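For this chain, numbers begin at 1 and follow the sequence in order. None of these values were measured; they are calculated from a predicted model.
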Amino acid sequence: MSATNSAVVTKVIKIGNSQGIRIPKLLIEQCDLCADVILGIKEEGLLIRPVTTARQGWAEALKEMAENGDDKLLLGDFANEWDSTEWVW
């Protein structure tokens, strides 16, 4: 998500028994919002952020690392005789 100083004036509208706001597509795209969002109250007002999961995007990042040859062990292989004779998997 890129931080920009975009500000848009919009109206609160009635949606059934609730109220809502329309968020312009450009802002939704810039904030990576999708079907589920988290709403929170901050001192400055309402915070809307995307729901994220642990390790979100890791699969794509690891695939890209492999394609670029960046997925090598940094510290080398530390296997020793104990690992191959004593360890039970």
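- The CD atom of Gln30 sits 12.5 Å away from atom NZ of Lys25, with the distance rounded to the nearest 0.5 Å.
- Rounding to the nearest 0.5 Å places CG of Leu46 at 5.5 Å from CG of Leu39.
- Residue Ile13 holds its CD1 atom at 4.0 Å from CZ of Arg22, rounded to the nearest 0.5 Å.
- Rounded to the nearest 0.5 angstrom, Thr52 OG1 and Ile38 CD1 are separated by 6.5 Å.
- Atom CD of Glu64 has 12 or fewer neighbouring heavy atoms from other residues, nucleotides or ligands inside a 6.0 Å radius.
- When the side chains of ILVMFWY residues are joined at heavy-atom separations under 4.5 Å, either directly or via intervening members, Ile41 and Ile21 end up in two distinct hydrophobic clusters.
- Both Ile28 and Val37 belong to a single network of hydrophobic side chains, linked directly or stepwise wherever heavy atoms of I, L, V, M, F, W or Y lie under 4.5 Å apart.
- Separating the NZ atom in Lys63 from the CD atom in Glu67 is a distance of 5.5 Å, to the nearest 0.5 Å.
- To the nearest 0.5 angstrom, Leu62 atom CG is 6.0 Å from Met65 atom CE.
- When all heavy atoms are compared, the tightest approach of Leu33 to Arg49 is CD2-C, 3.8 Å.
- Contact detail for Cys31 and Pro50: the closest heavy-atom pair is O-CG, 3.6 Å.
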Next on the checklist: side-chain contact (heavy atoms from CB on, under 4.5 Å) for Ile23 and Val8? Distances and angles first, verdict last.
Outcome noted: CA-CA 9 Å; Ile23 304 172; Val8 176; over 6 Å; no
